[in-house]
Each structure stands twice: as C-alpha cells, then as structure tokens.
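What follows is a short report on a single structure.
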Protein chains: 2
Amino acid sequence: MDNRAKILSNALKLFAARGYDAVGTQEIVDAAGITKPTLYHYFGSKEGLLKALLETNFEPLYQSVREAAAYQHDLPLTLERVVLAYFNFADKHRPYYRMQLSMWFAPVDSVPFKAVAELNRRQQQLLETLFLLAAEDHGNMRGRHQMYAATFLGMINTYVSLALNGYASVNDDLVYKAVHQFMHGIFS
Amino acid sequence: MDNRAKILSNALKLFAARGYDAVGTQEIVDAAGITKPTLYHYFGSKEGLLKALLETNFEPLYQSVREAAAYQHDLPLTLERVVLAYFNFADKHRPYYRMQLSMWFAPVDSVPFKAVAELNRRQQQLLETLFLLAAEDHGNMRGRHQMYAATFLGMINTYVSLALNGYASVNDDLVYKAVHQFMHGIFS
DNA sequence: CAATTACTATACCACTCGGTATACTCCCGT
DNA sequence: ACGGGAGTATACCGAGTGGTATAGTAATTG
C-alpha cells in the first residue's frame, strides 16, 4: 500500500470513529506513519482529503445502487435489490458508510455536510426516478415520488444504522423485512 | 435575558448550524457579548455547556412524548399522537432538534454522540414499551417491539429532517401520512 | 549523463484551541 | 458598616491547529 492509500485508509477510520472536525491532520499522518507535506502533496488540504475519500468510496455504491434500481415493472423486487445493494455495500465498507451516515445528518453549514450534499442529491434522484416509473404502474402512488424516495432512503439508513451498531444482522431476511414493512406496513 | 441564557441560546444556534467541534468557545462568548470566564463559571467546560443544552431542552420533549405514548388500546391513535408530539416539538425548537438530530448520527466515539446516547436510550425505551403493550392486542406484532421502536423513531427523524430542510411542511396531514405509511405501507 | 519530476522529511509559521489565575465590582445578609 | 459570595473582565497559558518554505532523495526521461 502506497502512502496515498495509507492516508486515505487511516483518515477514513479516524473520521468514521470521531468525526471530521475532531481529528487533526497531525493525528492522521501519525497513524499513517508519514508526515504532513506528504498529505498536502496528495490532497492539497484537509477538506481535499475528505472529498477524495468521498469520491473514491461513493462511486462504487452509486453504481451498485444504479444497477439495482433499474425498474422492470416489479416494484417489490426492485426495492429489495436496492436495499440489498445498500446493505451489502455498508457491510463491506463499514467505516466508510459510518462516515457517510454521520455526514448525512451533519449540521447544514458544516464542512462535512456540504461535502456530501451533492452525493445525497444523486442518491435521491436515482430513487425518485424509480418511484416515478413505478407510479405509472401503480396509479395510487402518483405525485408522491419525492416523498417515497426520501422516506425509503431514510428507512434504509435507519436499518443500516441498526446493523452497524450491532442491533441487527445484515442478511436476506432483514432485507425482506425492511421492504415488506415499507410496502405493506407493520400489521401484515 | 441573563448571561447564562445568552450563552445557552447562542451556543445552541452555533452548534446547530456548524456542529460542536467546529465551534470554539471564543466564538460563543463573542456572539453572546461576554467573555470566557463567564462561560466557565456557569458550565465548567465546553462539554458541560453541551450537556446543559441537552438537559434543558430534552426534558420537555421527553415529557411530551411520554404523555403521547400512553397506550389505550388504539395503536394508530397513539402513534399519531407520538408523531405529533415530535413534530410540534421539532417545529417549536428547530435549532435544538437540528442539533439533537445531528448528534444522533454522530460518530460513536465523538463527544456529541456520547452526550446524547443516554437520551436516545430513553426515547427508544419509551417506544419499546408502547409496542410491547400493543403487541398484546396485535399478536402478529409480537417479538418485534425493539425493531418497531427503532424504525418508528427512524421514520420520525426522517420526516422531521425533511420538514426542517423545507421539503415538507409540518401539519396534521403529514402526521397522518407518516403513521399511515408506517402501519399500512405505501400501497394503500 | 544531465535534467526533470514525484515524492517526502525537517523545521517552522501564525493562529486558534480549551481553559485559568487574578482582580475587580456588585449585591445580599448581618 | 462589613464580610462573603456571585459574577465578570483582563490577560494569559501550553498545546495543538491547518498549512508551508526549504531541501533533500529517488526514479524517470531526454
């Protein structure tokens, strides 16, 4: 692993555990076993490091969800695949998803929130498109695609948060339960 | 407004907007028009200020939800009252709820997360009790009260987050929609 | 071979951080 | 009138912040 990768890896762990503002560049370079000029050579600034971290890790998630969200006139199936895509990714990249999750709800004027804002928009967009297409098949869903996208994503993140903190295990059963609850509620 | 209140008020606004770690004590006392020893006289430390902020504002929310969550064998009604309690509170104390929300998803080893952990537990407990009681009336819900409590709270915070950012307006219709979706899913 | 380029360490910068020692003023109870 | 405590400001502390000027090394390219 070269120095650039070492920096990314250690910064990710530290940011995920204690937050962007609470972790100094000195601590990052110490953990990576290098010095500050190396960090600033590759990333220009602390904020640049954060953005590189997001870009590197988000794209695989996005592509994975994108493929899963291809609508083929079977909404339950598609939603299950989307949830599965999120769950699998979060499980395979726990520190990263922890960080992204904390940044999602970060204060609006904070550096971390501004850095993920665009990524959130893209996820929302993806799901909106899905629900918009689905509404053509399910008339009673019409006009609510934005709300569905937002609450669906919120539900996914709630479940992922539970899983990351050990209150649930990420498996096919959880995926089914999540989608089923989203579509049919808690009674059935 | 005395100096103690000035500090609390200004610190709340700043923490809600940019986060605990990103805001220094100097900035807080400048905004409040006082000096540091005054802050340290009342709160002992920056962390003490944060805890005072939480204690002051959380208790009213907790009591409000507690009353709303009194189960009387009508789950939809009770859930609507709980959601309404959260919505009303979040609407009346926007900066505070913004802050609490960001702290809820903050990194696990961060100061803010540790400070709200206990409050989160108390909310979760309240809802678990509710769903446990409800499961006596609705057998098919049995054994899932923890999951229901967690996802219900997650759903509430998703909606509140939407409302706080202007993507939805907090009114009775939204309350009804939120509970209805939670109980019956998106199809009906 | 020489020159350039990528990369990295030493040592440092100005500034901000959370927190405090000291002293002062003001008010309250005696 | 006086002691004592609450509250507040001035001025300061050591440590750490994000960031950089300089110089060096090692590999690549002409």
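- Residues A:Tyr86 and A:Asp91 bring no donor and acceptor atom of their side chains to less than 3.5 Å of each other.
- Taking 4.0 Å as the cut-off between side-chain N and carboxylate O, B:Arg144 and B:Glu128 do not count as a salt-bridged pair.
- Residue B:Thr25 places at least one side-chain N or O closer than 4.0 Å to OP1 or OP2 of C:dG18.
- Distance CD1 (A:Ile34) to C1' (D:dT25): 17 Å, rounded to an integer number of Å.
- Residues from residues 40-48 of chain B with heavy atoms under 4.0 angstrom of DNA chain C, sorted by number: B:Tyr40, B:Ser45, B:Lys46.
- For the pair A:Asp2 CG and D:dA26 C1', the interatomic distance rounds to 16 Å; values are reported in whole Å.
- Contacts of A:Val23 with the nucleic acid, taken as non-hydrogen atoms under 4.0 Å apart, involve only primed sugar atoms and P, OP1 or OP2.
- Of all heavy-atom pairs spanning A:Pro60 and A:Phe89, the tightest one is CB-CE1, 4.2 Å.
- In this structure, of C:dA21, C:dC7, C:dT10, it is C:dA21 that holds the atom nearest to the side chain of B:Pro37.
- Distance CG (A:Leu49) to C1' (D:dG19): 14 Å, rounded to an integer number of Å.
- One can place NZ of A:Lys36 at 12 Å from P of D:dG16, the figure rounded to the nearest angstrom.
- A donor and an acceptor atom, one from each side chain of B:Asn120 and B:Gln124, are nowhere located under 3.5 Å apart.
- Between the P atom of C:dT10 and the CG atom of A:Asp30 lies a distance of 12 Å, rounded to the nearest Å.
- Atom CG in A:Leu39 sits roughly 16 Å away from atom P in C:dT10 (whole-Å rounding).
- Comparing B:Gln26 and A:Glu27 by the nucleotide of DNA chain D whose heavy atom lies nearest to each, the residue mapping closer to the 5' end is B:Gln26.
- Atom CD1 of B:Ile28 and atom C1' of C:dT16 are 14 Å apart (whole Å).
- Checking A:Tyr71 against A:Asp137 by side-chain atom types alone, a donor-acceptor pair falls below 3.5 Å.
- Relative ring orientation between A:Phe87 and A:Tyr159 is described as tilted, the plane-to-plane angle lying within the 30° to 60° band.
- Spacing between atom CG of B:Asp21 and atom P of D:dG16 amounts to 16 Å, rounded to whole angstrom units.
- Of the candidate nucleotides D:dG18, D:dT8, C:dT8, C:dT8 has the atom nearest to the side chain of A:Asn3.
- Because its NZ or CZ atom is not both nearer than 6.0 Å to the ring centre of B:Phe182 and within 45° of the ring axis, B:Lys177 does not count as a cation-pi partner of that residue.
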